Amino acid sequence: MIQFQYTRATEARMALDAISKDQSSMFIAGGTNLVDLMKRGIVTPERIVDISRLPLNKISYEGKVLKIGSLALNSTVAENKLVQHKHPLLAQALNAGASAQIRNMATVGGNILQRTRCHYFYDTSLPCNKREPGTGCGALEGFNRMHAIFGFSDKCIAVHPSDMSVALLALDATVLVEGSKGQRRIPFGDFHRLPGDKPEIDTNLLPGELILGVEVPDNGFAKNSHYLKVRDRASYAFALVSVAAALQIEKKVIKDARIALGGVAHKPWRLAEAERSLIGKPVSEASFQQAALLAMQGAKGFKHNEFKLKLAPNSIVQALKVASRMV
Amino acid sequence: MNRFFDKVIGDPMNRVDGKLKVTGAARYSAEYQLPNISYGVIVSSTIAKGRIRSVDAKAALRSPGVIAVISHENAIRVPGWADNEHPTEPPTGGRPLRAFHNNRVYSNGQPIAIVVADTYERARHAAMLVKIEYDTDKHETNFEANKGKAVVPAVVKKNPKSGLADYERGQAEGYKTAAVKLELEYVHPTEVHNPMELQAITAHWEADDKLIVYDKVQGTKPTQQAFANEWKIPVQNVKVISEFVGGAFGNGLHNWPHETAAIIAAKMVKRPVKLMLTREQMFFMVGYRPYTWQKIGIGADKDGKLTGIYHEAIGQTSSYEEFTESTLQQTRMMYTSPNIGTKYRLLPLDVSTPIWMRGPGEATGAFALESAMDEIAFALNIDPVQFRLMNHTDTDPDKNLPWSTKYLKECIQVGAEKIGWSKRSLKPAGVRSGEWLVGYGMGVGTFGAHRGAAAVRAKLLANGTVVFQSAVTDIGPGTGTAMVQIASEHLGVSPDKITFQLGNSDFPQAPNQGGSATVATVGSAVVATCKAMKEKLLGMAPAADKRFAGLKVEDVTFDKGYLSLSRSPSVKVAFTDLLKKQNLSELDVLQDSKPNQEANKYSKYSFSVHFAEVHVHPATGQVRVKKVVTCADAGTIVNKKTAANQMIGGVTGGIGMALQEEAVMDHRFGRYVTKDFGDYHVPVHADVPPIEVYFVNKPDYIVDPMGTKGLGEIAIIGVAPAITNAIFNATGKRIRELPVTPDKLI
Ligand SMILES: Cc1cc2nc3c(=O)[nH]c(=O)nc-3n(C[C@H](O)[C@H](O)[C@H](O)COP(=O)(O)OP(=O)(O)OC[C@H]3O[C@@H](n4cnc5c(N)ncnc54)[C@H](O)[C@@H]3O)c2cc1C
């Protein structure tokens, strides 16, 4: 780890000022991702601005919108009664992530901004365009079992590891951010980006911008939603494939649907076409199978992750079955 | 904890050092704070093969707090390594890697330099600043691509009678003419050693020729000898302390380059050096269970009698040092087949050297053998439990000797009952629980019941307490606790008055803690020492009470610190009074013990059987182990709590082996890519179901005077196939390549 300066901010303005003065500075919230990356020399900020004490940890409900402060802890959000009542999918996704200890440190903002777990990104002696642009993608011809089947480029086939973000995407959340030019709102689907030619940039957040919180609008999915995470062990592992499935069902007919996948792309992956295909359909395995088929259009596997081409549709069907209480 | 035979011999006594461990008072190798201590961090290679062109330490040396950067360019010469060349004899043979000995790189992750600084953080930072340039050679790390280049081990070439030589009983490939026969290949990936405590050493030269190390090892005496040889100093000038070991499953059975690196550094900076490997370095530097390919040809007649097994294995080793393990031994002795053949080969690759890992060889071999047994039972349409019993052998067909003891049949019967085997369907995918497919499987394990030589000292003090000493280590099984119990029983002193000191090379001789042999080896020496102590006490007794004159130890009862006449117990005298009478402040006894020749007339093995119930989700391929029943025939159980602890730990390791563990290497770089606990999975609590443990608990007095047989290894041997066999029973899918992850089942 390189030597760095430490500043603790007590209000948002102070954090933004500290960051804007110093190009090599970074925010730190729970530190559960950033500190690991610093220890390995993957990111090397010369100053860290501690935002963990900013008054941005509230969870409130105003005008049919659930507002979650960016510094609310993953565990606090998962246990919150409003969240459990209105958006159980979000609570499930949070509880499917990491371990209890880490969820007690990790914040909502940090979770959205966590970096990929690609092996090549983590090992500074191996090539990685995301870590060191121009060195090549180690995973492309390497060990790519955990990697993308959608939206990748020849520069990067890494996936975004967050579970919470998959649920937020399915729930049509908005991210509220503030930078030197003031505040702006980013629909969740536009927050993360695909690797393209610039895999080193994960999101559309501008340098120096601070996430203030996320907002989740009311919806009719609370009764029929499910977060399914398929992983290599029962707990404490990143997803091979995860599915956030939400249905609005009336008299056994699907009125509205949301499906998003984790572990398959550089960003949480929304399946708009599959969602549309379900509207007006009866709750049945056949409807779900058809949606899963549509969902997989354009997917492509690599040497070690071909299985995701089967696991993903299987998991979509399974998640929809559980969400609709067929099983 | 249930048990199914006989009376309880071993109290479930709490660990004597439990409080020290849970309160943090126990000191591990990296926790000795010597005056003027410095900290070392290893810089390791990022190429798999080649030569170091240069080590640029300038930036590191300018970094705050840095005391030295040591590599082959400036390291002092280790006097025991006379020649400069690394004396490898490819393709096998060779010897351990020598730290900083020359510019050669033999594997990725090899120690290249050590940075010493005044704090750990500063050393770690400076280590990142050391720039190493290489001339790279083409490396070979891909086992599958090089399988054809496997060779006969050098030990076999030197000694054709070695247990690793090709083996034939009847006709090696006799299975080929069987009515029902199968030929099956199994692959076991590399599994790394990564116990909770990282490998650590604190090295301190007390004088120019006097070394003390606090080192995480499994044997203080073998380590003492190794370092004395390396530094050409008298053995007694080396002191090795390993009082507490935070888990070791074989990784402490070898002295690794980082240990010598720390000792070199301590000598050069003239300060104590503390070195603890990082979690990632643990993947490269301290051995592993090697990648192994196996093939089994197995045949039986229509009635289910085995007619032949031919078992081949190729294990991975390094290019510079031969590592072998007894992968095939159990195939020679487990079942009654008239025709048995085994063939063991090694594949040297540009990787670091493997080392024994719990159930070494046997656990790998059992995966193939017990899977093949399940496969042929299925082909014969015979229940696999029935099939094992039908081919059970009452004598050792390999050595042609009677078993010292063997209660495997009983274990199988009890295990089958406790898992609910009767619910199993012979046809796969025949049982469901909701959406989940339910399967039952079993696997048998065995391991030699070994006993070595050791000595133990006991000191009876004036206050009636007794201190025992042995150089042995305790890598986790609760050795101190078991020894206190044995001493208590054999000396007649209550456990709370006994202390067992261990983990110090100044104490009497004990071998490595390994091969499940510690209780039999050191416990026997405790018994011998207790006997010698009793004789001394009895010799002193007539001075206190004439009625003890002329008696033998057998005529006297030793209990709670008193001697009494067995025929008239009211005639008694306290041990402490005997000391007082003679004006002695203590009574010191040192006794050694070694296995007797009589034992050679028997074949001595421990046995276990594991039963698993698993549920598999047909859509997602997720496997949940729902219950495991494990039954062990391990002789007398000294402490049923710590023994059950061993079994539960072994089964947990077996779940990891079956479902999760795999060190994946990217062969373009010859470097592991799954090298932290995020990527290399071991079971978490949610993966571990209730594990029911049963012990036969019948003494085997052929092995040792307590009647114990080893336990540590059989806890894991046979677990992985029990689980994969259950997966087959649940799904009809036979996965012959571990680990069985969800992708293989959808
Ligand atoms: C062993 C392990 C297992 C894990 N398993 C999972 C898992 O299964 N699923 C899963 O989803 N996650 C998992 N995680 C990741 C975990 O969820 C993240 O580490 C955590 O959410 C990050 O939050 P943090 O507050 O600690 O972020 P930090 O580490 O403090 O910050 C992360 C990044 O976000 C930036 N940042 C933080 N807050 C803000 C803000 N308000 N505005 C702007 N920038 C900000 C920081 O500058 C930094 O770049 C795991 C982590 C570990 C260590």
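A note on names: the letters A, B, ... follow the listed sequences, proteins ahead of strands, and every chain is numbered from 1. Predicted model, so just to flag it, every value in this text is computed and none were measured. For the numbers below, each heavy atom of this structure counts, side chains included, while hydrogens, waters and symmetry mates do not.
For the residue pair B:I746 and A:K310, the shortest heavy atom distance occurs at C-NZ, 3.4 Å. Minimum heavy-atom separation, A:V230 to B:P742: CG1-CB, 4.4 Å.
Of all the listed residues (B:E280, B:Q660, B:R124), the one sharing the greatest number of non-hydrogen pairs under 4.5 Å with chain A is B:Q660. Heavy-atom pairs under 4.5 Å with chain A peak, among B:T674, B:T46, B:D666, at B:D666. Here A:L126 is the residue among A:L240, A:V317, A:L126 with the most heavy-atom pairs under 4.5 Å with chain B. No other option in A:Q3, A:E141, A:R233, A:K39 has as many heavy-atom pairs under 4.5 Å with chain B as A:R233.
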Verdict with reasoning, A:Y122 to B:D676, per side-chain hydrogen bond (donor to acceptor under 3.5 Å, both in side chains):
CA-CA 10 Å; A:Y122 262 81; B:D676 62 30; over 6 Å; no
Step by step, work out the salt bridge (charged side-chain N to carboxylate O under 4.0 Å, His left out) result for A:D123 and B:K675.
CA-CA 10 Å; A:D123 187 336; B:K675 51 184 181 299; 2.6 Å; yes
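Using a 4.5 Å cut-off between heavy atoms, B:E121 does not touch chain A at all. A:V327 touches chain B through its side chain: at least one heavy atom from C-beta onward sits under 4.5 Å away, while N, CA, C and O do not. Heavy atoms of B:H685 lying under 4.5 Å from chain A are absent altogether. The contact between B:V673 and chain A is made by backbone and side chain atoms together, counting heavy-atom distances below 4.5 Å.
A distance of 10.0 Å separates CE in B:M128 from CZ in A:R40, rounded to the nearest 0.5 Å. To the nearest 0.5 Å, atom OG of residue A:S125 and atom CG of residue B:N108 are 6.5 Å apart. Remark: A:D232 CG to B:T741 OG1 distance equals 5.5 Å, nearest 0.5 Å. We find the CZ-CG distance between A:F143 and B:D679 to be 8.5 Å, quoted to the nearest 0.5 Å. The CZ atom of A:F238 lies 8.5 Å from the NE2 atom of B:H681; values are rounded to the nearest 0.5 Å. Atom CD of A:Q318 is separated from atom CD of B:Q622 by 9.0 Å, given to the nearest 0.5 angstrom.
The 12-atom threshold is exceeded at NZ of A:K300, counting heavy atoms of other residues, nucleotides or ligands nearer than 6.0 Å. The 12-atom threshold is not exceeded at NZ of B:K626, counting heavy atoms of other residues, nucleotides or ligands nearer than 6.0 Å.
Taking a cutoff of 4.0 Å between a charged side-chain nitrogen and a carboxylate oxygen, B:D743 and A:K308 do not qualify as a salt bridge.
Checked options A:V243, A:N314, A:L228; the residue passing with B:T620 is A:L228 (criterion: side chain to side chain contact (heavy atoms under 4.5 Å, CB included)).
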